[in-house]
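We count ligands from 1, going down the list as the structure has it; atoms in each ligand are counted the same way. Nothing here was measured: the structure is a model prediction, and the numbers come from that model. Heavy-atom basis, side chains included; hydrogens, waters and symmetry copies ignored.
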Amino acid sequence: MRMKKTLVYLILAGIIIGLAIGIWLGFGGKQILLSNRSLKVIAYLRAPGRFKEWQLEALTRCGDAPFLMPTSGMIGYVWKDSFRVGHHHTGLDIFGPEADGKTAVYAAYAGYLTRMPGWKSSLIIRIPSDPLHPGEQIWTYYTHMADAEGNSFILHTFPMGISEMYVEAGTLLGYQGNYSGDTLKPVGTHLHFSIVKSDRSGQFLNETRIENTLDPSHYFGFDLSAELVGEQIPHCSGDMLYLP
Ligand SMILES: [Zn+2]
């Protein structure tokens with residue numbers, strides 16, 4: 001009986017210590033969901049017209065960056081942002097000013113487009129020679145181009161199962177949506193854009209793992225890694241600037 005009671009106390013103590021560590025890590029890890037930048041994302045999504053100064057325009061280029069802006073909107077989340085303990089965001093989230101299915105998405109750079117069977121909201125474009133590391137092959141991954149139920153906003157020109165179709169930079173690919181299987185992620189119509197590395201055989205690696213991706217900001221002409229962006233909304237005016 002006594003042993004049983006001791007065991008219950010031990011389990012309870014374990015749970016309390018676990019919770020305390022979880023909360024401590026949550027704040028210590030600067031979880032982006034608790035940050036000022038997330039409040040700005042929410043404000044923009046409610047009334048994009050009121051926050052025009054946060055918006056970047058599709059098909060523009062910042063300075064002499066190799067990539068065009070693939071869509072219009074506010075860069076709300078960047079590479080390495082953390083939405084929960086142990087998680088790191090693998091790309092840029094660009095929140096558009098229009099309703100689901102309305103804000104256009106274009107190819108940021110020329111390459112060979114593939115859309116795997118079952119990819120309702122995603123496509124990937126192979127770039128044989130990385131403009132920042134010539135000779136190395138990378139992939140640009142575009143996702144969230146479907147509505148909440150998974151009805152695709154990708155153009156019919158790029159059906160599921162298509163592979164290695166050449167597209168020029170600036171080619172219209174589809175429209176921003178809010179399709180996401182992950183309820184922990186912030187909702188809101190956006191494009192998730194990431195750069196994925198190749199494996200040894202030249203195929204793309206699993207794009208959901210941060211170590212398989214590169215910081216896309218350098219390809220847009222500036223350094224937007226989470227540590228540098230902090231609470232600010234990235235903006236371009238000739239060179240990359242952060243709003244005060
Ligand atoms: Zn994202």
**Q** Among the N, O or S atoms of Asp93, which one sits nearest to the Zn ion (ligand 1)?
**A**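 Closest N, O or S atom of Asp93 to the Zn ion (ligand 1): OD1.
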**Q** Which residue pairs satisfy the salt bridge (Lys or Arg N to Asp or Glu O under 4.0 Å) criterion with at least one member in residues 136-161, sequence neighbours excluded?
**A**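 As it turns out, there is no salt bridge (Lys or Arg N to Asp or Glu O under 4.0 Å) pair with a partner in residues 136-161 once direct neighbours are skipped.
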**Q** Which residue pairs pass the salt bridge (Lys or Arg N to Asp or Glu O under 4.0 Å) test when at least one of the two sits in residues 152-176, sequence neighbours left out?
**A**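 Every salt bridge (Lys or Arg N to Asp or Glu O under 4.0 Å) pair that includes a residue of residues 152-176, provided the two are not neighbours, is Arg126-Glu164.
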**Q** With no hydrogens and no angle check, is any side-chain donor or acceptor of Tyr112 less than 3.5 Å from a backbone partner on Pro128?
**A**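 Not confirmed, Tyr112 side chain does not pair with Pro128 backbone.
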**Q** Give a yes or no answer on whether the side chain of His144 reaches the backbone of Leu191 with a donor-acceptor pair at less than 3.5 Å.
**A**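 No.
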**Q** Report whether any nitrogen, oxygen or sulfur of His89 sits less than 2.8 Å from the Zn ion (ligand 1) (N, O or S, backbone or side chain).
**A**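 True for His89.
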**Q** I'd like to know if the Zn ion (ligand 1) has an N/O/S atom from His190 within less than 2.8 Å of it, counting both backbone and side-chain atoms.
**A**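 No, His190 does not qualify, because none of its backbone or side-chain N, O or S atoms lies under 2.8 Å.
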**Q** Any idea which N/O/S atom from His192 gets closest to the Zn ion (ligand 1)?
**A**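 Minimum-distance N/O/S atom of His192 relative to the Zn ion (ligand 1) is ND1.
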